[in-house]
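Everything on this sheet refers to the single structure shown next.
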Amino acid sequence: MGPPGAGKGTQATRVADHFAIPAISTGDIFRANATAGTPLGQEARRYMDAGEYVPDEVTNLMVRHRIDEPDAERGFLLDGFPRTLAQVEELDGMIAFTGHRLDAVVVLTVDAEEIVARLLQRSEVEGRADDTEDVIRRRQQLYAEETAPLVEVYRERGLLVEVDGMGEVGDVTERILTSLDPIPQS
Ligand code: ADP
């Protein structure tokens, strides 16, 4: 977890490689579907481009199907999910059903000013439609309102691993792995 621009996607790939499990990014799946013009992509795009969350029913169903794929049988890392309390509950159900257990929830903490600068820079490099200043602010607001409260939910469950997300990419990865390696895997 972490606010937009915290580096979730970058770190998710690196951490998943370390544990030899797939990184499942809801944002990437929505974007791939939008590019391919699938019905899911067409629906998701309406929300993404405005910085709004895609409705829970749509997102939950997609994640349910994705973690059912054979490559996720040994475990998986979720990037960008859950983002709402309803998604937390849904994930609990999915995990119980597959026999997995949530081992840890990593939260990247970052400086708000730094993030807007990073995202505006990314918009020049990647051209993501939702990296304009207005939409970035809406995404940040939604994160604060809908997603930040989940940090406390997972803290209470004793699953939270808070990591400083500022600095070099490799340094952040090392901090995450140092925190995760001692945690037993289910
Ligand atoms: P970021 O976290 O940098 O904003 P993501 O790639 O994780 O970027 O997500 C991009 C967009 O995809 C979100 O703004 C939202 O519209 C949609 N999205 C991704 N994950 C979810 C989710 N779990 N629930 C609802 N919408 C989601």
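Along the sequence shown, residues carry numbers from 1. Just so you know, ligand 1 is whichever comes first in the structure, and atom 1 is the first atom listed for that ligand.
When every heavy atom of Val163 is checked against every heavy atom of Val172, the shortest pair comes out as CG1-O, 4.3 Å. Counting all heavy atoms, side chain and backbone alike, Pro82 lies closest to Thr147 at O-CG2, 4.4 Å. When all heavy atoms are compared, the tightest approach of Ala72 to Pro22 is CA-CG, 4.1 Å. Taking every heavy atom of both residues into account, Pro3 and Ile115 meet most closely at CG-CD1, 3.7 Å.
Only the side chain of Thr59 comes within contact range of ligand 1, with a heavy atom under 4.0 Å; no backbone atom does. Contacts with ligand 1 closer than 4.0 Å are made by side-chain heavy atoms of Phe30 only, the backbone lying farther away. By the criterion of a heavy-atom distance under 4.0 Å, the side chain of Arg139, and not its backbone, is placed next to ligand 1. Counting heavy atoms under 4.0 Å from ligand 1, residue Glu52 touches it through the backbone alone.
Rounding to the nearest 0.5 Å places CG of Leu91 at 6.0 Å from CG of Leu78. Note that CG of Asp28 and CD1 of Ile24 are 11.5 Å apart. Values are rounded to the nearest 0.5 Å.
Proximity of Arg118 to ligand 1 is not established, as no heavy-atom distance is less than 4.0 Å. Ligand 1 is approached by Arg128 to a heavy-atom distance shorter than 4.0 Å.
Among residue pairs with one or both ends in residues 39-85, those qualifying as ring-ring contact (aromatic ring centres under 6.0 Å, His included) are Phe76-His100; sequence neighbours excluded.
Nearest to atom 5 (P) of ligand 1 by heavy-atom distance, out of Arg83, Met48, Gln140, is Arg83.
Of all protein heavy atoms, the one lying nearest to atom 26 (N) of ligand 1 is Val54 N, 3.0 Å. Of all protein heavy atoms, the one lying nearest to atom 24 (N) of ligand 1 is Gln87 NE2, 2.9 Å.
The ligand atoms of ligand 1 that sit less than 4.0 angstrom from a heavy atom of Gly5 are 3 (O). Atoms of ligand 1 found under 4.0 Å from any heavy atom of Lys8, numbered from 1 in the order shown, are 2 (O). The distance from ligand 1 to the heavy atoms of Arg31 drops below 4.0 Å at these ligand atoms: 6 (O), 10 (C). The distance from ligand 1 to the heavy atoms of Arg122 drops below 4.0 Å at these ligand atoms: 3 (O).
In this structure, a donor-acceptor pair under 3.5 Å is absent between the side chains of Thr109 and Glu162.
Some N or O of Gly80 is nearer than 3.5 Å to an N or O of ligand 1, by distance alone. Considering backbone and side-chain atoms together, Ser25 places no N or O closer than 3.5 Å to any N or O of ligand 1. Considering backbone and side-chain atoms together, Thr26 places an N or O closer than 3.5 Å to an N or O of ligand 1. Between Gly51 and ligand 1, no N or O atom pair is found at a separation short of 3.5 Å.
Hydrophobic cluster membership is shared by Val63 and Leu85, with clusters built from Ile, Leu, Val, Met, Phe, Trp and Tyr side chains linked at under 4.5 angstrom. The cluster map of Ile, Leu, Val, Met, Phe, Trp and Tyr, joined by side-chain heavy atoms under 4.5 Å apart, puts Ile183 and Tyr154 in different clusters.
Tested against Gln141, the residues Arg139, Arg137, Arg138 include a single side chain to side chain donor-acceptor pair (under 3.5 Å) partner, Arg138.
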